[in-house]
Amino acid sequence: MSNHQALDRWVAQVAELCQPDEIVWCDGSEAQYQEMIGRMLATGSAVKLSEKKKPNSILVRSDPADVARVEDRTFICSEKEEDAGPTNNWADPAEMKQKLDGLFKGCMRGRTMYVVPFSMGPVGSDIAHIGVELSDSPYVVANMMIMTRVGQPVLDVLGEDGYFVPCVHSVGYPLVLTDGTTRDDIPWPCDSDNKYITHFPETREVWSYGSGYGGNALLGKKCFALRIASVMARDQGWMAEHMLILKLTSPEGAVKHIAAAFPSACGKTNLAMMTPTLPGWKVETVGDDIAWMKFKEDGCLHAINPEAGFFGVAPGTNYKTNPNAMESMKENAIFTNVGMTPDGDVWWEDIDRPAPDHLIDWLGQEWVHYDSTHKAAHPNARFTAPASQCPVIADNWEDPAGVKIDAILFGGRRSTGQPLVLESFSWEHGTFLGSTMASQKTAAAAGKVGELRFDPMAMLPFCGYHMGDYFKHWLDMGDQGGDKMPRIFYVNWFRRAQDGHFLWPGFGENARVLKWVFERCDGQAEATQTPIGHLPTPGALDLSGLDLPEEDLAELLDVDTEHWLQKVPVFRKHYAQFGAKLPGRLADQLDQLEQRLNDAT
Ligand code: OXD
Ligand code: MN
């Protein structure tokens, strides 16, 4: 029970529907975290890792049918279909509520319903917002305790009548069936044929059924902090974005904060924790996945990281690609769908050490290296770790006032055409760049990996309303902020040469690009105007000490007019889906691009 009548009433209503055996309120304490871990160990959901190798950490293996976000089972249930737009699955809210009533009825029988009051952002910050998740999964509760701020301080801020976003989650595996028969719990309960990840933007509710994995189930993350928050942000004049936030310090000690939107599994965590190769430059982490940005009295956008932990992709993470992520997950971590070594440690593809002779794979079986398709870890295997454990967490990462954002980067995986870095001509042109962002698909979502798809502002799976209205919101924000808005850049670490090799070394070397961005913000670094944006002049990028063949640099900064002219009709087709909701100013931007390209040929 709380002091908040509406909250208590809602908890009672959901309990009446779901019929759990008991209700437990989460206080966010270490004892309660240990209780969740204990419950998972008892049902076989979790395996304890070696105290020597990974203190206070567990490994969890999901059902093979529940391994990623399910975009085709994710619904925006707005009153009007047109408000969900062409990029979302829409469902009628009344019909969906009826369906959910059927699914949720009795779905927690034989289980405990946990009440998780959580703050997205430092508790009490005026950029933060509060949610309450009701869930029957100890795995979800334990993850929420790492990923958000949970417990009594949140209820204290809520007081008697504070606003919260209600989020209901069930794995959809009752232990007592309607006919009264009982069944034992299983390690990863779910209802994989019946997943519904549903959002009600008008009433700002989330109902999630059937999956226990990541963004489908940790409802503070994608469901609240992006889909519902994007609607709140539109209505209240702020921004909820799929962006990392980093603090960049120059050798002289000057600081800038950069937010960057890349699609899922395109290196946000690596960039946010990067160790620069340029002497004297420092990158520190504020957040690795989501940014909430509001205007402050100075007229500038200030951002918080609404999360308190990292839910990062494990495969490919190692002491070379991201030593700070490796250090962050050294202890007190949850690993999901990775391999396990005989000495009780974790293993995944491209971790720093060779696979031992014996290994239990993510399916819980002895791993046989018989072919490259049979991986020890699932490609979307994850680690959950407290952000406070990151060695380069910024000292101001929990500042309730947020950090002033100086620059925004867009980017994705593009093997051709897109230069290493460019700066937009204006906020409006930057919005155009974000709206036409495309990237090769990764394993973070179910579906075919590698396909090129438009992913505007990296928000394709996360925008809770019509994408055309979302573009308009970006333009409105720009009109409001004027010349105080961050500068907008577009980066691409993934361009390949004809023979297939990556042209840019990436990782710590990306600091060279950040340095140019930093200097552009101060009006210093040199740039040439091209039809697609301002590109660094050949000498403007600091390449000291980097062995980069001249022809590779030339290709990285090449603007192939033919390539871009071919893109124009592709962009037009992409824009056409937004119909009358496409802001005319963006259509004009596309015409202007075409004009500039034609003038250049
Ligand atoms: C994530 C994602 O988990 O974008 O952050 O899928
Ligand atoms: Mn993400």
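One-based numbering, in listed order, for ligands and for the atoms of each.
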Relative to [Y], does [X] satisfy both conditions: NZ or CZ under 6.0 angstrom from the six-membered ring centre, and within 45 degrees of the ring's axis?
{"X": "Arg227", "Y": "Phe462", "result": "no"}
{"X": "Lys268", "Y": "Phe262", "result": "no"}
{"X": "Arg73", "Y": "Tyr196", "result": "yes"}

Ser57 OG to Phe383 CZ distance, which is reported to the nearest 0.5 Å: 12.5 Å

Value rounded to 0.5 Å, distance of CE in Met485 from CG in Leu301: 4.5 Å

The Mn ion (ligand 2): protein N, O or S atoms that are less than 2.8 Å away, sorted by chain: Lys222 NZ, His242 NE2, Asp289 OD1

contact_flag Lys268 ligand 1 heavy-atom lt 4.0 Å: no

Ligand 1 contact on Phe462 by region, counting heavy-atom pairs under 4.0 Å: side chain

Which of the atoms in ligand 1, numbered in the order shown and given with their element, are less than 4.0 Å from a heavy-atom of [X]?
{"X": "Asp289", "answer": "5 (O)"}
{"X": "His242", "answer": "4 (O)"}
{"X": "Ser264", "answer": "2 (C), 4 (O), 6 (O)"}
{"X": "Lys221", "answer": "3 (O), 5 (O)"}

Reference residue Asn270; test side-chain hydrogen bond (donor to acceptor under 3.5 Å, both in side chains); the match among Asn324, Asn322, Asn510: Asn322

Protein heavy atom at shortest distance from atom 3 (O) of ligand 1: Arg382 NH1, 3.0 Å

Among Asn143, Leu49, Leu59, the one residue meeting side-chain contact (heavy atoms from CB on, under 4.5 Å) with Ile334: Asn143

Option among Thr275, Leu271, Thr321 that satisfies the side-chain contact (heavy atoms from CB on, under 4.5 Å) test with Phe507: Thr321

Residue pair Trp474, Phe410: steps toward the ring-ring contact (aromatic ring centres under 6.0 Å, His included) verdict: CA-CA 14 Å; Trp474 266 74; Phe410 291 127; 5.7 Å; yes

Shortest reach to atom 5 (O) of ligand 1 by a heavy atom, considering only Arg69, Glu71, Lys222: Lys222

Donor-acceptor side-chain pairing of His466 and Asn88 below 3.5 angstrom: no

